[in-house]
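Worksheet: the structure to be examined is printed underneath.
A, B, ... follow the sequence lines: proteins, then strands. Residue 1 opens every chain.
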Amino acid sequence: MQFQLQHTDPKSNARAGQITTDHGEILTPIFMPVGTLGSVKAVHQHELRDDIKAQIILGNTYHLYLRPGIQIIEEAGGLHKFNGWGRPILTDSGGFQVFSLSGQRKLKEEGAHFRSHVDGSKHLFTPENVVDIQRSIGADIMMAFDECTPGTADYQYAKQSMELTHRWLERGIARFRETEPKYGYSQTFFPIVQGCTYPDLRRQSAEFISSQNAEGNAIGGLAVGEPAEKMYEMIEVVNEILPKDKPRYLMGVGTPQNILEAIERGVDMFDCVMPTRNGRNGMLFTWNGTLNMRNEKWKNDFSPIDEAGTSIVDTAYTKAYLRHLCVTDEFLALQIASIHNLAFYLDLVTQARQHIIAGDFSSWKQSVIEQLGKRI
RNA sequence: GGGCAGUUACCAGAGUGGCCAAAUGGGGUUGACUGUAACUCAACUGGCGUACGCCUUCGGUGGUUCGAAUCCAUCACUGCCCA
């Protein structure tokens, strides 16, 4: 993987760049749709590619390991062949599941002992086997196995958690270096900054992560219960330290406003379930704000879903029709909302990139951000 | 014409003397959702009020009772059975 920094906004830390992988190029800043089980829920691969114009998608180590299982993915020849997505894939390590499935896991020095949420069976994830699994999945970008510290953790817990993540990182990198890709294209490995909402821990973590000299770096443990202002502050603290010539990936974030704020602070890559999950639950993101498609007020609104939208669904269907589909639980509602929201998120980062290149990112961001948070 | 069963909120349907503005579903309205255990979850859903509460409801009418969705009488309507 290579990263080329192309432009930097004169008035902020916003950057435009290009990541090159064996599965293609990625223009940053970029939003990566989440496809946990090897599928971006309710969206076809051709829609992702041709309509939404996704450049890279996510998969999840924990979920794919449980189902269909690593053997099946290896037999398929890797996840790209299995799911028919020819562009880059990034896999999360399962670190987030350490956080979100906290009721069914036990953390030890060796790794995380899990109970499967599917059948209750016992499993152990270690920094090493999580690298092995991601080798088998064949992700272009693999993530280190970390503990995603809750945003409400106290200092003592956050420090110990961060230190565990650091020790795990050294083991993960060692395994990464002593193993080879399985499918003939190269893979890279991103470490993850933790440290909760404590600036000194974040600095310490960012320095440790930077010293590992990976091809890209991630910021984790944000948007997990802390106020947005804290998150922005942590991004600033961390990005002062993370190398400028490597892509920076803010994991799991977030709202359109979150993304613009983070781009302004020097983040290049994002992923979030919000456009797909909230879309499935009837919420649409637009340049004018968010709307709940189940609301009664759209009942007889026969205007297009989003006149400013870039996706074919935006003008092909009316709000009244989409509301009808949402209210009657039609599958098409999930598809339309997911496609619209993902296309909007990709449009958001594409426009951000254009304004960074044009040199007016900050004023542009200022002019759109308030509107994005409105409720239509 | 005779017999039996029934009529409860938007719908279905519990409740058969006070704990009932009335269970539970569905439907409806409004929220929530940030590295996806999520086509999920929460609140509200007779009226007025933030709330304590007050008012009007269980086919109609009239009774019994301190008190009725619940008991009695009668009328109306619905379903099934016999003529």
For B/U30, take OP1 and OP2 only and decide whether either is under 4.0 Å from a side-chain N or O of A/Asn295. yes
Roughly, in whole Å, what's the span from CG in A/Asp329 to C1' in B/G28? 13 Å
State which of B/G28, B/C39, B/G35 makes the closest approach to the side chain of A/Ile192. B/G35
Pairing of A/Lys365 and A/Glu261 as salt bridge, 4.0 angstrom limit: yes
Might you list the N or O atoms of the protein lying below 3.5 Å from N or O atoms in nucleotides 10-12 of chain B, with each pair's distance?
none

Searching all strands shown, indicate the nucleotide that pairs with B/A23 (Watson-Crick or G-U wobble; both distances under 3.5 Å). none
Distance, rounded to the nearest Å, where A/Arg280 contributes CZ and B/U36 contributes C1': 7 Å
Quick check against the 3.5 Å criterion: does A/Arg202 have a side-chain atom that pairs as donor or acceptor with the backbone of A/Cys196? yes
Which whole-number value in Å describes the distance from A/Gln134 CD to B/G35 P? 17 Å
Could you verify whether a donor N or O on one side chain and an acceptor N or O on the other, from A/Asn288 and A/Thr286, lie under 3.5 Å apart? no
Taking 4.0 Å as the cut-off, does a side-chain nitrogen or oxygen of A/Arg294 come that near to OP1 or OP2 on B/U40? no
Enumerate the side chain to side chain donor-acceptor pair (under 3.5 Å) contacts for residues 327-343 of chain A, please, sequence neighbours excluded, ordered by first and then second residue. A/Asp314-A/His340
So, is A/Gln104 near the phosphate of B/A37, with a side-chain N or O under 4.0 Å from OP1 or OP2? no
Below 4.0 Å: OP1/OP2 of B/U29 and any side-chain N or O of A/Arg323: yes
Cut-off 3.5 Å, side chains only: do A/Ser363 and A/Asp360 have a donor facing an acceptor? no
To the nearest angstrom, how far is A/Asn278 atom CG from B/G31 atom P? 13 Å
B/A43 pairs with which nucleotide, Watson-Crick or G-U wobble, both distances below 3.5 Å? B/U29
Between P on B/C33 and CZ on A/Phe96, what's the gap in Å once rounded to a whole number? 13 Å
Taking OP1 and OP2 of B/U34, is either one under 4.0 Å from a side-chain nitrogen or oxygen of A/Arg277? yes
Is any side-chain N or O of A/Asn60 closer than 4.0 Å to OP1 or OP2 of B/U36? yes
Looking at B/U7, which nucleotide sits across from it as a Watson-Crick or G-U wobble partner, both distances under 3.5 angstrom, or is there none? B/A76
Between A/Arg203 and A/Glu207 (salt bridge meaning N to carboxylate O under 4.0 Å), is one present in this structure? no
Between A/Ala223 and A/Thr328, the residue closer to the 5' end of RNA chain B by nearest nucleotide is A/Thr328
Is it the case that the base of B/U36 and the side chain of A/Thr276 share a donor-acceptor contact (distance under 3.5 Å, atom types as modelled)? yes
So which nucleotide does B/A51 pair with, by the Watson-Crick or G-U wobble rule with both distances under 3.5 Å? none
Measure the CE-CD distance between A/Met251 and A/Gln194 for me, rounded to the nearest 0.5 Å. 8.5 Å
Residue list, side chain to side chain donor-acceptor pair (under 3.5 Å) with A/Thr318, at least two apart or on another chain: none
Rounded to whole Å, please give me the gap between CG in A/Asn292 and C1' in B/G28. 14 Å
Any A/Ser100 side-chain N or O less than 4.0 Å from OP1/OP2 of B/A37: yes
Could you tell me whether A/Asp271 contacts a base, only the sugar-phosphate backbone, or nothing, with contacts defined as non-hydrogen atoms closer than 4.0 Å? sugar-phosphate
On the nucleotide B/U36, are OP1 or OP2 found under 4.0 Å from the side-chain N or O atoms that A/Gln97 carries? yes
